[in-house]
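Only heavy atoms go into these numbers, but all of them, side chains included; no hydrogens, no water, no symmetry mates.
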Amino acid sequence: MTEAPILPRRIAFLALALAIMAGLFWLAWATLAPGGWTLAEILILVCIAGTLPWAALSAGNALIGLGLLLFTRDPVAAVLPALAAARPGLPQARTAIAICIRREDMALVLPPLARLLSGLAEAGAAERFSLWFLSDTPEGADAVAEEAAYRAFAAAQPIATHYRRRAQNTGFKSGNVMEFLDHHADGHDFMLCLDADSEMTADAVLRLVACMEADPKLAILQQLIHGRPTKAGFPRLFQFGMRHGMRAWATGQAWWQGDEGPYWGHNAVIRIAPFRAHARLETLPDGSHILSHDQVEATRLHAAGWKVRVLPDDAGSSEGNPPSYSDFITRDLRWAAGNMQYLALLRLPGLTPMARWQLIQAILLFLSAPFYVAILLFAAWNGLAGGGDTTPIGALVALLLAGWCCHYAAKLAGYVEVLLKPDLAARYGGRVQFLRGALAELVFTAFMEPARLMSQCLFLLAMPFGMKMGWAPQNRSERGIGFADALKQFWAPTLAGIVLTLVFASVSFTALLIAGPVLISLLGVIPFAILTANARFSAWLVRQRICALPEELHCN
């Protein structure tokens, strides 16, 4: 398959994004302009402008992705030419499966790997793969137990299995991987990079390797990833929306980014030689290591003339998600800290324009949070000063709905795709059952997202004053959240909710009503964190089959 020139696609996407931004800005102007401008309203308009790039990116990717998903015979092949050129059969290349671990529960890590190795052996590909545990676990009892679990596991596997533990975790995960490539990867052409909570099927891995063999300039092929079926309430609700949003988003983005796509750090096959030559990361000017390494590695390969592509299909590729809102926010803020480091990299020479955009896009993912919080604060100030008396309520509601639809456009597009495809809906138990899950997830998001944005904003404001996030081991086990722990973590968003509720209530009932969805999220963040980690609530979701994934419904 010959791919269409990428420049016209990028121009078309830019035109679409600018049109979306212009429409939202016009609607904001029409909402704020009547009655003249106050200083607070001018600042609100400036902050709305700050949110527009991410809103337009979300909506543009979603619209293009939905069009491809609905109106092309094979959406994946339409954005990944290597798939059409890939030859079925056993690979010729040798691939090292590398899984990075640090103080992990090996009882959770090992079963998915056993299934993968068994599948590869059944396919007759055992001689073309090897498995490597890349441990950053510090010396001590955890390391002893980890190695003992490995030895018992390795003895029963049909594929060569190895274990390597570093004395120091210099450079975090990126340093772990590069040390492996420098000293242990000889004789391998590719590396399949997995996280401790990753799971891939043999068919998915063989498809990725076949695509890599079909295109010798392809340095990274990143597969789409969905959340594994779970009984825990928070990840069950969260990953239902994420799964459908990512499918539309990644398909649309791959259409216009082409060979300069993203890398998410795992569930991806990497060509070892160019990665080792070009993706070696130095420390930042302050001596700290890059936390969000994956996208920087992709930009280095872009600059060196290598392709980084996405396979926008999640079949056979999954991961675990944080088991509670508390764990999710901890991970989210670590990602925020890593993405903000990209500000120091934007001025580096040698990056392609698309590579710089990839870094900017990663920054925008979190930089929108302060703008949204500032809009809320300036709206409260404007109300107290009497500046909102002439605001047309209809235009305001239209602005809020339009902004919400753009922000969540990818998820909505994914839901539309399932509802319009009977065969796809049947995998979820039918349209009615799927719609129940979609509505439940949207309610869940309405409670989660404002508090999440407030947490991101407070963290970003604290970063210049020394707030840092390291690379601590993630909790992956289901657990309940007690009131004391939730209060300790979420007292600041709760306090902000109390103060802002009093302010909007003093302005007018209408102002309180319009701000209500955000205020409810802030006021309810502690009970929300407790409820979505509660075992009874989780069991109820499972019994009702709410947000059940096809893998759960058809596991038997």
Side-chain angles (χ1 to χ4, degrees), residues 90-169 173 175-209 223 228-230 265-270 272 316-320 473-478 551 555:
L90 297 180
Q92 299 300 309
R94 295 200 70 236
T95 300
I97 303 170
I99 179 165
C100 298
I101 53 176
R102 177 175 167 82
R103 287 178 170 166
E104 298 289 348
D105 183 348
M106 297 298 280
L108 299 177
V109 172
L110 297 177
L113 293 173
R115 291 190 286 270
L116 172 58
L117 298 189
S118 177
L120 291 171
E122 289 174 4
E127 297 301 318
R128 313 314 299 165
F129 291 87
S130 63
L131 174 64
W132 294 78
F133 289 89
L134 309 184
S135 174
D136 264 353
T137 300
E139 185 175 353
D142 289 340
V144 171
E146 179 182 276
E147 187 167 359
Y150 152 73
R151 292 189 183 281
F153 172 82
Q157 298 311 310
I159 289 178
T161 304
H162 311 271
Y163 175 87
R164 191 276 287 133
R165 186 173 66 84
R166 294 196 300 171
Q168 295 182 327
N169 68 325
K173 180 183 172 182
N176 193 4
V177 169
M178 193 58 71
E179 193 274 345
F180 163 71
L181 296 180
D182 284 341
H183 301 290
H184 305 283
D186 289 348
H188 294 86
D189 304 286
F190 305 143
M191 174 181 66
L192 171 66
C193 193
L194 299 177
D195 272 359
D197 58 0
S198 296
E199 181 164 6
M200 296 191 73
T201 64
D203 287 343
V205 172
L206 291 172
R207 179 167 65 161
L208 291 178
V209 171
Q223 177 150 10
R228 289 205 301 252
T230 177
H266 57 98
N267 293 42
V269 171
I270 293 169
I272 290 175
S317 173
S318 62
E319 65 177 345
Q474 291 181 213
N475 172 61
R476 306 187 197 277
S477 301
E478 295 178 17
E551 293 80 6
C555 62

In Å and rounded to the nearest 0.5 Å, what is the NZ to CD1 distance from Lys173 to Ile101? 12.5 Å
Report the residues that fulfil salt bridge (Lys or Arg N to Asp or Glu O under 4.0 Å) with Arg166, sequence neighbours left out, ordered by chain and then residue number. Asp136
Considering non-hydrogen atoms only, spot the tightest contact between Pro138 and Ala143 and give its length. O-CB, 3.4 Å
Who passes salt bridge (Lys or Arg N to Asp or Glu O under 4.0 Å) against Asp203, sequence neighbours left out? none
Does any N or O in the side chain of Arg207 come within less than 3.5 Å of the main-chain N or O of Ala202, such that one atom is a donor and the other an acceptor? no
Salt bridge (Lys or Arg N to Asp or Glu O under 4.0 Å) pairs, two or more places apart, involving residues 92-101: none
Could you grab the distance from atom CG of Leu134 to atom SG of Cys193, nearest 0.5 Å is fine? 8.0 Å
Distance alone, cut at 3.5 Å: any donor-acceptor contact between the side chains of Arg164 and Asn176? yes
Hey, does His183 have a side-chain heavy atom less than 4.5 Å from the side chain of Met178? no
Spatial distance of atom CD (Gln168) from atom CD (Glu179) [nearest 0.5 Å]: 12.0 Å
Can you find a pair of side-chain heavy atoms, one from Met191 and one from Val177, that are under 4.5 Å apart? yes
Taking the side chain as every heavy atom from C-beta outward, state whether Leu194 and Ile97 have any atom pair closer than 4.5 Å. yes
Can you list every side chain to side chain donor-acceptor pair (under 3.5 Å) pair that touches residues 138-147, not counting sequence neighbours? Ser135-Glu146, Thr137-Glu146, Glu146-Tyr163, Glu147-Arg151
Sequence neighbours excluded, every pair satisfying salt bridge (Lys or Arg N to Asp or Glu O under 4.0 Å) that has a member inside residues 108-121: Arg115-Glu199
Provide the closest heavy-atom pair for Asn267 versus Ser317 in the form atom of the first, atom of the second, distance. ND2-OG, 3.0 Å
Given side chain to side chain contact (heavy atoms under 4.5 Å, CB included), test Leu131 with Leu117 step by step and report yes or no. CA-CA 8 Å; Leu131 174 64; Leu117 298 189; 3.7 Å; yes
If only atom types and distance count, is the side chain of His188 paired as donor or acceptor with the main-chain N or O of Ala185 below 3.5 Å? yes
Using the side chain to side chain donor-acceptor pair (under 3.5 Å) criterion, which residues pair with Asp189? Sequence neighbours excluded. none
Is the shortest heavy-atom distance from the side chain of Glu319 to the side chain of Asp195 under 4.5 Å? no
Qualifying residues under side chain to side chain contact (heavy atoms under 4.5 Å, CB included), relative to Thr95, sequence neighbours excluded: Phe129, Phe190, Leu192, Val209
Supply the atom-to-atom distance Gln223 CD to Ser198 OG, rounded to the nearest 0.5 angstrom. 11.0 Å
If you take all heavy atoms of Ala126 and Ala121, which pair is closest and at what distance? CB-CA, 4.2 Å
Under the salt bridge (Lys or Arg N to Asp or Glu O under 4.0 Å) definition, can you give me all pairs with a residue in residues 124-135, not counting sequence neighbours? none
What pairs with Ala154 under side chain to side chain contact (heavy atoms under 4.5 Å, CB included), at least two apart in sequence or on another chain? Tyr150, Thr161
Find the distance between OG (Ser318) and CD (Glu551) and round it off to the nearest 0.5 Å. 7.5 Å
Go through the structure and list residues passing side chain to side chain contact (heavy atoms under 4.5 Å, CB included) with His162, not counting sequence neighbours. Ser130, Trp132, Ala160
What pairs with Ala123 under side chain to side chain contact (heavy atoms under 4.5 Å, CB included), at least two apart in sequence or on another chain? Leu206
If I take atom CG from residue Leu208 and atom CD1 from residue Ile270, how far apart are they, to the nearest 0.5 angstrom? 11.5 Å
Which atom of Ala114 lies closest to which atom of Gln157, heavy atoms considered: CA-OE1, 3.9 Å
To check you understand the geometry: which heavy-atom pair defines the closest contact between Pro91 and Ala125, and what is its length? CD-CB, 4.4 Å
Between Gly124 and Leu90, the two heavy atoms sitting closest are O-CD1, 3.5 Å
Quick one: are Phe153 and Val109 in side-chain contact, heavy atoms under 4.5 Å? no
